[in-house]
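Contents: one structure, followed by commentary.
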Amino acid sequence: MTLNPNETVLVHTRAQLEAARAGRIGDVAVVMTMGALHEGHQALFRAARQSAKTVVATIFVNPLQFGPNEDFDRYPRALEADLKLCQESEVDVVFAPTVDEVYPGGDPLVRIVPGPMGEVYEGAHRPGHFSGMLTIVNKLINLTAPDYVFFGQKDAQQLALVRRMVLDLNLPVEVVAVPTEREPDGMARSSRNRYLSAQERVSALALSRALFAGATQAAPDAIRDAVREVLAEAGRAQPPVVLDYLALVDPRDFTEIADPGYAGPAVLAVAAKVGATRLIDNLPLEIGG
Ligand code: PAF
């Protein structure tokens with residue numbers, strides 16, 4: 001289906017995707033999404049637009065990466081609004097397949113195993129999530145055959161795992177990271193923010209506040225202490241911020257930085273629940289830099 005012959009083309013099947021791509025010359029950049037698009041995705045589209053002749057967006061709420069008690073059913077689906085945002089962002093092709101189109105054999109028996117890096121932090125909290133995520137990312141790379149794939153730093157562990165999969169499986173694609181988009185008060189933009197009530201959003205702001213407090217410190221222990229201080233106060237707020245984890249990790253393998261004299265790249269990450277909504281946020285740091 002063509003929305004406008006010179007603009008964004010919406011396709012639902014692999015055959016339509018191939019037809020939409022045929023005849024286009026030059027590099028292809030892909031931005032993979034689950035829809036409910038916001039300014040964070042727009043930043044990914046902008047970066048993709050600057051790097052490649054053709055920009056493909058995928059919109060697919062991947063059942064494989066949701067646990068049985070997670071929000072797959074209530075995950076926001078807003079195709080019409082998403083298409084409008086894709087058009088405004090000059091996306092060339094939107095691939096929005098059905099579950100049957102993506103998994104023609106039903107539940108896939110063969111999946112990507114994320115290894116130890118996928119078992120900690122988000123992986124520990126969401127068993128199977130990273131296997132489902134890597135499996136769909138691998139499939140979407142196969143289906144869209146891009147030169148570049150763009151991922152937000154907001155999901156830092158996802159980004160690290162995708163990088164590692166591309167390296168370990170020799171996938172012929174370049175992974176490009178795009179900094180997290182934040183609201184003017186510092187809150188990281190996320191599709192799940194729309195679940196928050198006004199009061200919950202006020203409490204949730206403590207996540208970014210804590211990370212920025214950590215970033216003012218120079219050494220690992222002081223960084224963690226500064227974050228904990230802000231989050232301890234947020235834990236007494238109404239509604240409270242219930243901390244799941246605070247992590248200061250090496251971005252290459254997501255191992256915790258234990259050496260108090262560590263110098264090098266790091267990711268400072270938090271996950272917490274506010275009301276019924278679980279939020280994650282992180283900041284990339286250069287310690288001792
Ligand atoms: O980050 C997301 O939205 C999803 O995990 C992704 C990469 C689109 C895979 O379903």
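Below, each value reflects all heavy atoms present in this structure, side chains not excepted, and no hydrogens, waters or symmetry copies.
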Please list every donor-acceptor pair under 3.5 Å in which a side-chain atom of residues 169-180 meets a protein atom from a residue at least two apart or in another chain.
unit_1, atom_1, unit_2, atom_2, d
Thr180, OG1, Lys154, N, 3.1

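Closest non-hydrogen pair, Val227 versus Ala210, comes out as CG2-O, 3.4 Å. Contact detail for Gly214 and Ile223: the closest heavy-atom pair is O-CG1, 3.5 Å. Summarising the geometry of Glu122 relative to Ala271, their closest heavy-atom pair is OE2-CB, 3.7 Å, with the distance given to 0.1 Å. Residues Ala206 and Val230 approach most closely at O-CG1, 3.9 Å, considering heavy atoms. Nearest heavy-atom pair across Val241 and Ala272 is CG1-CB, 3.6 Å. In terms of heavy atoms, Phe45 sits closest to Ala57 at CE2-CB, 3.6 Å.
Side-chain contact between Pro265 and Glu286 is present, with at least one heavy-atom pair separated by less than 4.5 Å. Between Val56 and Pro146, every side-chain heavy-atom pair lies at or beyond the 4.5 Å cut-off. Contact check for Leu64 versus Asp107: side-chain heavy atoms found under the 4.5 Å cut-off. Side-chain contact check for Met34 versus Ser191: every heavy-atom pair is 4.5 Å or farther apart. Residues Gln158 and Val137 have side chains not in contact (no heavy-atom distance under 4.5 Å, counting atoms from C-beta outward). Put simply, the side chain of Arg201 reaches to within 4.5 Å of the side chain of Glu183, judged on heavy atoms. Pro220 places none of its side-chain heavy atoms less than 4.5 Å from the side chain of Pro260. Considering only heavy atoms from C-beta on, Val120 comes within 4.5 Å of Gln157 through its side chain.
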Output, in order, the C-alpha distance, side-chain angles, deciding distance and verdict of salt bridge (charged side-chain N to carboxylate O under 4.0 Å, His left out) for Arg278 and Glu70.
CA-CA 10 Å; Arg278 187 168 180 279; Glu70 292 187 352; over 6 Å; no
Step by step, work out the salt bridge (charged side-chain N to carboxylate O under 4.0 Å, His left out) result for Glu256 and Arg224.
CA-CA 11 Å; Glu256 186 71 31; Arg224 280 186 277 254; 2.6 Å; yes
Carefully, step by step, assess Asn138 and Leu134 under the rule side-chain contact (heavy atoms from CB on, under 4.5 Å).
CA-CA 6 Å; Asn138 194 301; Leu134 289 177; 6.0 Å; no
Test side-chain contact (heavy atoms from CB on, under 4.5 Å) on Leu279 and Leu196 and set out the steps.
CA-CA 10 Å; Leu279 298 166; Leu196 296 168; 4.1 Å; yes
Evaluate the side-chain contact (heavy atoms from CB on, under 4.5 Å) criterion for residues Leu248 and Leu285: first the C-alpha distance (whole Å), next the side-chain angles of each, then the deciding distance (0.1 Å), finally the verdict.
CA-CA 9 Å; Leu248 183 64; Leu285 303 177; 4.2 Å; yes
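The CG atom of Leu37 sits 8.5 Å away from atom CG of Leu83, with the distance rounded to the nearest 0.5 Å. In this structure, CG on Leu143 lies 5.5 Å from CZ on Phe95, to the nearest 0.5 angstrom. Atoms CG and CE, from Leu161 and Met133 in turn, are 5.0 Å apart once rounded to the nearest 0.5 Å. Distance check: Glu181 CD to His41 NE2 gives 11.0 Å after rounding to the nearest 0.5 Å. Remark: Thr255 OG1 to Asp253 CG distance equals 3.5 Å, nearest 0.5 Å. In this structure, CG on Leu211 lies 8.5 Å from CG on Leu246, to the nearest 0.5 angstrom.
Arg164 forms no cation-pi arrangement with Phe254, by the criterion of a distance under 6.0 Å to the ring centre and an angle within 45° of the ring axis.
Here Glu18 does not pair with Arg14 in a salt bridge; the nearest charged N to carboxylate O distance is not below 4.0 Å. A salt bridge is defined here as a Lys NZ or Arg NE, NH1 or NH2 lying under 4.0 Å from an Asp or Glu carboxylate O, and Asp281 with Arg182 meets this definition.
The cluster map of Ile, Leu, Val, Met, Phe, Trp and Tyr, joined by side-chain heavy atoms under 4.5 Å apart, puts Leu243 and Val202 in different clusters. Residues Val30 and Val102 fall within the same hydrophobic cluster, defined by Ile, Leu, Val, Met, Phe, Trp and Tyr side chains chained together at heavy-atom separations under 4.5 Å. Under the 4.5 Å side-chain heavy-atom criterion for Ile, Leu, Val, Met, Phe, Trp and Tyr, Val249 and Leu159 are members of the same hydrophobic cluster. Put simply, Met117 and Met165 are part of the same group of oily side chains (I, L, V, M, F, W, Y) that touch within less than 4.5 Å, one to the next.
Listed by first then second residue, pairs satisfying ring pair (Phe, Tyr, Trp, His ring centres under 6.0 Å) with a partner in residues 104-148 read Tyr121-Tyr245, not counting sequence neighbours. For residues 151-178, no pair satisfies ring pair (Phe, Tyr, Trp, His ring centres under 6.0 Å), with sequence neighbours left out. The list of side chain to side chain donor-acceptor pair (under 3.5 Å) pairs with a residue in residues 43-60, not counting sequence neighbours, reads Arg49-Asp92.
Tyr75 meets the ring pair (Phe, Tyr, Trp, His ring centres under 6.0 Å) test with Phe66; sequence neighbours excluded. The ring pair (Phe, Tyr, Trp, His ring centres under 6.0 Å) check on Tyr262 picks up nothing, with sequence neighbours excluded.
Listed for the Asp82 side chain is a donor-acceptor partner under 3.5 Å among the backbone atoms of Ala36. With hydrogens and angles disregarded, a donor-acceptor distance shorter than 3.5 Å links the side chain of Ser208 to the backbone of Leu205. Formation of a donor-acceptor pair under 3.5 Å by the Thr135 side chain with backbone atoms of Ile112 is found in this model. Counting only distance, with no hydrogens or angles, the side chain of Ser190 and the backbone of Arg192 share a donor-acceptor pair below 3.5 Å.
Atom CD of Glu233 is surrounded by 12 or fewer heavy atoms from other residues, nucleotides or ligands within 6.0 Å. Under a cut-off of 6.0 angstrom, the local environment of CD1 in Ile25 is sparse, with at most 12 non-hydrogen atoms contributed by other residues, nucleotides or ligands.
When only modelled atom types and interatomic distance are considered, Thr98 and Asp100 share no side-chain donor-acceptor pair under 3.5 Å.
A side chain to side chain contact (heavy atoms under 4.5 Å, CB included) with Met32 is found for one member of Leu44, Ile141, Asn62 and no other, namely Ile141.
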